[in-house]
There are 2 protein chains.
Amino acid sequence: MAENSENSSRRPTIYDLAQIAGTSPSAVSAILNGTWKKRRISAKTAKRVTQIATEQGYAVNLQASMLRRERSHIIGMIVPKYDNRYFGAIAEQFEAMARARGLFPIITCTQRDPDLELEAAREMISYQAEALVVTGATDPDRIADFCAAAGVNAVNLDLPGNKAPSIVSDNFSGARDLTRLILTRVAQDFGATVPLWFIGGRPHDHNSMERLRGFRAAHDEIDLSVPKDRIIMPGYSADKAAAALVGHEFPRQFGIFVNSTITMEGVVRWLSNMIDMDRVRLGCFDWDPFAALLPQNVGMARQDVATMLRRVFETIDEKSGPSLRIEVPCIMQPLPQPG
Amino acid sequence: MAENSENSSRRPTIYDLAQIAGTSPSAVSAILNGTWKKRRISAKTAKRVTQIATEQGYAVNLQASMLRRERSHIIGMIVPKYDNRYFGAIAEQFEAMARARGLFPIITCTQRDPDLELEAAREMISYQAEALVVTGATDPDRIADFCAAAGVNAVNLDLPGNKAPSIVSDNFSGARDLTRLILTRVAQDFGATVPLWFIGGRPHDHNSMERLRGFRAAHDEIDLSVPKDRIIMPGYSADKAAAALVGHEFPRQFGIFVNSTITMEGVVRWLSNMIDMDRVRLGCFDWDPFAALLPQNVGMARQDVATMLRRVFETIDEKSGPSLRIEVPCIMQPLPQPG
DNA sequence: CATACTTGCTCAATCGATGTAGCATAGATT
DNA sequence: AATCTATGCTACATCGATTGAGCAAGTATG
């Protein structure tokens, strides 16, 4: 319908519309941004200009508008990957919540590359983002420093930092509860109270450390000690997990704590080469709908994305200090025995 | 490190830097955007200004820069969801490819809401996006019209339209090949050459129609006719698929064509309530790493995201007409029998 | 009839970066 | 000495939208 009549090459501006309507650019601007009543423009003129704007396929130049207004309403988010449900849910819900607050969300996926993370932050600041949510950054403090220098509000999500407020899952409690569940199910199904294996993650990664602490706490509660060689931390990737498992000896029946859904892919791949897959019970930190359907899976610690994001927006609104650290409990999803 | 010394409230501009450095804003601009050699600014001045810019935590105001330059280098993408690997891969690879071409990618997730789709397109155009990739839109033509009126290049991805060039998977061939594979495996494992069930999708959705055509073609090849009640299209969602399956009667052994990974979730949920899950063989259009590990799954038709996106960028560069329709073959991933 | 108020607009400065045109000085060439 | 060239900058208009200030014409009030 909307037809850019003659000079179809360039986008129309308020000056073009003003010329066509026989009014001033100021009037057009006021009409199109809704301040026309306050500025005492007649309804008749308003209607005419609006009509012309539609005909010409006009869209404000937000570059110019924001330059003048000195408010961008842009909120940026940095995400490492889109390859699991957790970050997918974060991105999706962040967008919806930002929009609901009248903000324009910009999300960038930085592939866990520290330089790309900084580059993305710099770009978002250049686009006049008013706040930045830094999710799962490998080096959150560098980004926070950079934001602070530019006077932009930053919040860490998922991985904590020291230079900006941080919202993270309660990895300790989540891992402890999940470990308890796996221990219980191993005891029930295999009739043995024995230490579990821990697979995935990096030994110096904050989240892995907290989860390992929870894993240990659940064992300590029932006076089990975990042999060192049962902690296998070759990174999160599926390939590394699968490779690491191949080199290990396992008893006839055993339980595994899987540190992420990505790691879980590797574990399941390895598992599928077993003759008897019923030898294993496992639980996974984080949630995936297919992983939830695996018969060996006794439960998943699902991170509470909605609550975390609510805290993120609160933190931004309150302009909290860098010492703030909020831990959001995970939602335990015990899985029923199939069949 | 970078410390915004006194007036930490507002971001420094080239005028602030010029004042501190004792030069003109023009010089600062030239130095910071790299054109200073051409403009015969001395290396000494350049070094000094760069230093000051870093100290002050300066970042260009791209709003102002783009307004002046009249080129934004922004490329927008509209995506329906982030809840499966296909759209996750699209978003991730689109970002990487856009960046590699010196463009700034903006992605928005529109939740399959036609109004939100149009709203997002309008917003991206207002941000001076130079091109728009419209992925899986419910109403691509409305968006294409809108883009055309604003003089913005649009390309449809995944779902085709008539008002802009479209890049889609070759759903027909992918579905036909997948159907062949399931039929073969059903024959091998169950010793019977019988028509399959088709589950998921909407009867008037382009992709579903094409896949159903492929499904039928593979049956026709071997002179099998598909009874009407074996085509179950209650939408893509997992819940609807699970609910639809519950009401059906199935023989002792049978095969299913699953129309998407989301649908697959519902199918597997339903499956997990079966006493004997080995009664079924299934194949799924689209790919998911966990779904690939299910023992009943004989293969997946993985959409070739990298190739599709390459075609998208080519199409944008060549400013192709609305009649262009490119079909990209799927990658068949037959799955080995586990154990 | 003069003054005040209302209505319906227009003018012009402004946001920050860019780039063309041009100016001043130093050194080289005729 | 006069001209030319190179070097190293500065001045200013510009991109499009916004907004405080203000103007002109009409209506109401004293």
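Below, read A as the first sequence line, B as the second, and so on, with proteins coming before strands; counting in each chain starts at 1. Just so you know, these numbers come straight off a predicted model, no measurement behind them.
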Worksheet entry | Presence of donor-acceptor pair under 3.5 Å, side chain of R39(A) and base of dT10(C) | yes

Discussion item. Are F94(A) and F313(A), when compared by the centres of their aromatic rings, separated by less than 6.0 Å?
Written reply: yes

Worksheet item: Could you give the OH-to-P distance, from Y127(A) to dA17(C), as a whole number of Å?
Response: 14 Å

Practice prompt. Would you confirm whether the ring centroid of F87(B) sits within less than 6.0 angstrom of the ring centroid of Y82(B)?
Written response: no

Item to complete: Could you check whether T13(B) gets within reach of a base, just the sugar-phosphate, or nothing at all, counting any heavy atom under 4.0 Å?
Response: sugar-phosphate

Discussion item. Base of dG19(C), side chain of S26(B) - is there a donor-acceptor contact under 3.5 Å?
Written reply: yes

Item to complete: Calculate the interatomic distance between R71(A) atom CZ and dG16(C) atom C1'; express it in whole Å.
Response: 18 Å

Fill in: Test applied, side chain to side chain contact (heavy atoms under 4.5 Å, CB included); reference residue, T45(A); option that passes from V28(A), I31(A), T50(A)
I31(A)

Worksheet item: Looking at the rings of Y127(A) and F104(B), which for Trp means the six-membered one, are their centres under 6.0 Å apart?
Response: yes

Worksheet item: Using a cut-off of 4.0 Å on non-hydrogen atoms, how would the nucleic acid contact of T45(B) be classed: base, sugar-phosphate, or nothing?
Response: sugar-phosphate

Fill in: First and last nucleotide of DNA chain D, 5' to 3', lying under 4.0 Å from heavy atoms of chain B
dT7(D) to dG16(D)

Worksheet item: Which whole-number value in Å describes the distance from E70(B) CD to dG19(C) P?
Response: 11 Å

Worksheet item: Between D158(A) and Y86(A), does a side-chain hydrogen bond (donor to acceptor under 3.5 Å, both in side chains) hold up when you go through it step by step?
Response: CA-CA 10 Å; D158(A) 185 56; Y86(A) 175 51; 2.8 Å; yes

Worksheet, complete the sentence: In short, P12(B) meets Y58(B) closest at the heavy-atom pair O-CD1, 3.3 Å

Practice prompt. Take atom CD1 of I41(A) and atom P of dG8(C), then tell me their distance rounded to the nearest Å.
Written response: 9 Å

Discussion item. Base, sugar-phosphate or nothing for S65(B)? Non-hydrogen atoms, less than 4.0 Å.
Written reply: sugar-phosphate

Worksheet item: Within the structure, does a side-chain N or O atom of Y15(A) lie under 4.0 Å from either OP1 or OP2 of dT10(C)?
Response: no

